[in-house]
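Written below as structure tokens is the structure these notes are about.
Atom set for the values below is all heavy atoms of this structure, side chains included, hydrogens, waters and symmetry mates excluded.
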Amino acid sequence: MTDSYVEVIVQDERDFKGRQLNMILLVLTLVSFIYGVMFTSMIGLTAGIILIPITFSQIKNRFREYEYLLVSDEMDISVVKNHKRRKKVQTFSLGDLQCMAPADAPQLERFHSHPQLKKYRYLSGNPDHSVYSMIFSNQGTPLEVLVEPTQAMLDCIKERCAGVLVGN
């Protein structure tokens with residue numbers, strides 16, 4: 001077989017409630033800090049000082065992307081925060097892939113009934129994207145990985161593992 005390379009980048013699309021929560025946290029931090037300084041209140045000042053690092057860490061980690069990298073027979077999943085920091089989350093071998101199907105496919109029921117099934121979600125949260133479930137076997141324990149592949153990635157997996165792709 002020839003080597004293949006497919007890269008998919010999925011941006012995490014935060015919902016409106018997440019943005020509202022960040023704004024409320026920022027306003028609460030500023031109000032408590034200003035209250036503590038103006039009225040020399042130790043409670044307000046302490047709350048403001050405690051909330052400052054929490055607020056900035058929330059704002060700092062606001063933008064997130066998931067990268068699926070399929071090279072030959074391995075799939076790497078990385079998370080990229082704020083377009084700067086990259087961390088490889090997991091690596092899977094396509095040899096361990098047992099089934100890949102749309103997340104709502106009935107073929108996945110036999111895997112979902114397994115008591116030791118571990119689930120990992122690497123999704124954008126956009127309801128318009130198609131979500132696929134990849135079931136891997138890791139030393140007898142099934143792992144379900146939810147991803148949003150492109151058609152090129154589906155074609156590559158179909159070429160590599162023809163019998164495991166359902167519903168394409």
For this session: Quick one: which residue pairs count as a salt bridge (charged side-chain N to carboxylate O under 4.0 Å, His left out) with a foot in residues 98-117, not counting sequence neighbours?
Result: none
For this session: Output the distance between atom CD1 (I77) and atom CG (L70), rounded to the nearest 0.5 Å.
Result: 10.5 Å
Exercise. Considering residues at least two apart in sequence or located in another chain, which fulfil the salt bridge (charged side-chain N to carboxylate O under 4.0 Å, His left out) criterion with D76?
Worked result: K88
Exercise. Who pairs with T29 by side chain to side chain donor-acceptor pair (under 3.5 Å), at least two apart in sequence or on another chain?
Worked result: T55
Problem set entry | ILVMFWY network linking F111 to M134, side-chain heavy atoms under 4.5 angstrom | no
Problem set entry | Atom of V6, atom of C156 and distance for their closest heavy-atom approach | CG2-CB, 3.9 Å
Exercise. Would you say L69 and F92 are hydrophobically clustered, going by side-chain heavy atoms of ILVMFWY under 4.5 Å?
Worked result: no
For this session: Give a yes or no on whether V8 and M100 share a hydrophobic cluster (residues Ile, Leu, Val, Met, Phe, Trp, Tyr; joining criterion: side-chain heavy atoms under 4.5 Å apart).
Result: yes
Seminar exercise, completed: Grouping ILVMFWY residues whenever side-chain heavy atoms fall under 4.5 Å, the cluster of V80 otherwise contains none
Exercise. In terms of hydrophobic clustering (I, L, V, M, F, W, Y; side-chain heavy atoms under 4.5 Å; direct or indirect links), are M153 and V131 co-clustered?
Worked result: no
Exercise. Are Y132 and I135 connected, step by step, through hydrophobic side chains (Ile, Leu, Val, Met, Phe, Trp, Tyr) whose heavy atoms are closer than 4.5 Å?
Worked result: no
Exercise. Residues sharing V31's hydrophobic cluster, by side-chain heavy-atom contacts under 4.5 Å among ILVMFWY, directly or via others?
Worked result: V27
For this session: Quick one: pull up OG in S4 and CZ in R160 and give me the separation to the nearest 0.5 Å.
Result: 4.0 Å
For this session: First locate atom OG of S32, then atom CD1 of I52, and finally report the distance between them rounded to the nearest 0.5 Å.
Result: 8.0 Å
Problem set entry | Results of side-chain contact (heavy atoms from CB on, under 4.5 Å) for V89 - residues two or more places apart only | V79, Y122
For this session: Mind checking side chain to side chain donor-acceptor pair (under 3.5 Å) for Q11 and listing every partner two or more places apart, or none if nothing turns up?
Result: E65
Exercise. Closest heavy-atom contact between V164 and Q98?
Worked result: CG1-O, 3.4 Å
Problem set entry | Hydrophobic cluster of L117, others only, ordered by chain and residue number, side-chain cut-off 4.5 Å | none
Problem set entry | Side-chain heavy-atom pair T150, Y68 within 4.5 angstrom cut-off | no
Exercise. What residues form a side chain to side chain donor-acceptor pair (under 3.5 Å) with R86, not counting sequence neighbours?
Worked result: E67
Exercise. Excluding sequence neighbours, so at least two apart, what forms side-chain contact (heavy atoms from CB on, under 4.5 Å) with A101?
Worked result: C99, A105, L108, V166
Table please: side-chain donor-acceptor pairs of residues 136-149 below 3.5 Å, with sequence neighbours left out.
from	atom 1	to	atom 2	distance (Å)
E144	OE1	H112	NE2	3.3
E144	OE2	H112	NE2	2.9
E144	OE2	S133	OG	2.7
E148	OE1	S124	OG	3.1
E148	OE1	H129	ND1	2.8
E148	OE2	S124	N	3.1
E148	OE2	S124	OG	3.1

Exercise. side-chain contact (heavy atoms from CB on, under 4.5 Å) with L28: which residues, sequence neighbours excluded?
Worked result: L51
